[in-house]
Enquirer: 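Supplied in structure tokens, the structure appears directly below.
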Amino acid sequence: MLELVRVAKTYGVKVIFKDVSCAFAPASVTMLVGGNGAGKSTLMRIMAGLSRPSAGESRLAENARVGYLGHSTFLYPGLTALENLNFWRSACGLAYSSQGLMAALERVGLEAHAHERAGVFSRGMAQRLNLARVLMQAPNLLLLDEPGTGLDASSLALLRREVLDARARDACVILISHDLAGDAPLADRLLALEGRKLAYDGSPSGYLPGTAVVSNVTAASNAEAETSDAVAGSTSGAPQGPENNDGCIQNSGQNGEAPQGGPQCCA
Ligand SMILES: Nc1ncnc2c1ncn2[C@@H]1O[C@H](COP(=O)(O)OP(=O)(O)OP(=O)(O)O)[C@@H](O)[C@H]1O
């Protein structure tokens, strides 16, 4: 579904990470962890085609429908919950009836708030609506950047159910989270970004936070990452979507190519 080949990201002379290589299969849940500033969101934006790698390639399967839930909700505060979903339905060319949109709200427990303006929603409610927006696009590559932010216990349970349901529908789910105890049990695999490299790629149960236990990652690639202070600024592959943008891409092509015309469904 998605393959990263020696992906690096630098800002000026600052190396965020380098030499990140891994492949993601359908019907899987991968948890991506690392300390604040380790580069998790940056890497996920590259996966979503919203940021260019400084080196290496991010290759999406031809049939990939990317659903990306980032830090911005991209909800319109002046529109109701239902109107927000209707806007994204229209923007993404989705065939939902008004009953279908209500069902999308019910899915995240917001049906009673369908006609309230998103601008008055609490953070957790806004995050639920954001989740509904992403899920209604039926992505088969679901990229979730700290989706539990602001969610109460029942919303977290709902979110985790959706993650497992997505895997059961053969979707590939990649989840950034700091909640190792709560989210690792969902995952088949855990990746840790530490020390500007992919320090761990293996089973969640084998991961010891902060110790950079190396599993599938080769010692050679780690050693190389450690000794480098800078990465050549060349970009591999065609230009991708805009930096610092969130969204959903229906189909982003192969071999790191840009989605046609940028993200087709921005959110
Ligand atoms: N546009 C940018 N220009 C310069 N530096 C940036 C830019 N975007 C991100 N960074 C830097 O890249 C590093 C990684 O940021 P990123 O948001 O990916 O980290 P993170 O692992 O997701 O952190 P957190 O757990 O705090 O969310 C940080 O040091 C950040 O300051």
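The first residue in the sequence is number 1, and the count goes up from there. Model, not experiment: these values are computed from the prediction. All ligand and atom numbering here is 1-based and tracks the order in the structure.
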Enquirer: Considering only heavy atoms of T42, which atoms of ligand 1 have at least one such atom less than 4.0 Å away?
Expert: 14 (C), 15 (O), 16 (P), 18 (O)
Enquirer: G35: heavy atom below 4.0 Å from ligand 1, yes or no?
Expert: yes
Enquirer: Measuring from non-hydrogen atoms of G39 to any atom of ligand 1, is the shortest distance under 4.0 Å?
Expert: yes
Enquirer: Would you check if L75 and F121 make a side-chain contact, meaning some heavy-atom pair closer than 4.5 Å?
Expert: no
Enquirer: If you count the atoms of ligand 1 from 1 in the order shown, which ones are under 4.0 Å from a heavy atom of H178?
Expert: 25 (O)
Enquirer: Are any non-hydrogen side-chain atoms of M102 and L82 less than 4.5 angstrom apart?
Expert: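 The answer is yes; the side chains approach within 4.5 Å.
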Enquirer: From the options L135, I174, L175, L69, select the one residue that forms a side chain to side chain contact (heavy atoms under 4.5 Å, CB included) with L142.
Expert: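 That would be L135.
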Enquirer: Rounded to the nearest 0.5 Å, what separates atom CE in M44 from atom CG in L50?
Expert: 11.0 Å
Enquirer: Measuring from I16:CD1 to S41:OG, what's the distance to the nearest 0.5 Å?
Expert: 11.5 Å
Enquirer: Name the option, out of S51, S41, G37, that contains the heavy atom nearest to atom 14 (C) of ligand 1.
Expert: G37
Enquirer: Checking contacts here: is it the side chain or the backbone of N36 that comes within 4.0 Å of ligand 1, counting heavy atoms only? Could be both or neither.
Expert: both
Enquirer: Does the N or O separation between H71 and ligand 1 drop below 3.5 Å for any pair?
Expert: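 No; every N/O pair is 3.5 Å or more apart.
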Enquirer: Please confirm whether I16 comes within less than 3.5 Å of ligand 1 when only nitrogen or oxygen atoms on both sides are compared.
Expert: no
Enquirer: Which heavy-atom pair separates A171 from P139 by the least distance, and what is that distance?
Expert: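 Closest approach of A171 to P139, heavy atoms only: CB-O, 4.0 Å.
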Enquirer: Give the atoms of ligand 1, by number and element, whose distance to some non-hydrogen atom of K14 is under 4.0 Å.
Expert: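 Listed by number with element: 29 (O), 31 (O).
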Enquirer: With a 4.0 Å cut-off, would you call K40 and D145 a salt bridge?
Expert: no
Enquirer: Report, in ascending order of atom number, the atoms of ligand 1 lying under 4.0 Å from any heavy atom of E146.
Expert: 25 (O), 27 (O)
Enquirer: Report yes if some N/O of A38 lies less than 3.5 Å from some N/O of ligand 1; otherwise report no.
Expert: yes
Enquirer: Rounded to the nearest 0.5 Å, what separation is found between the CZ atom of R6 and the CD atom of E57?
Expert: 12.0 Å
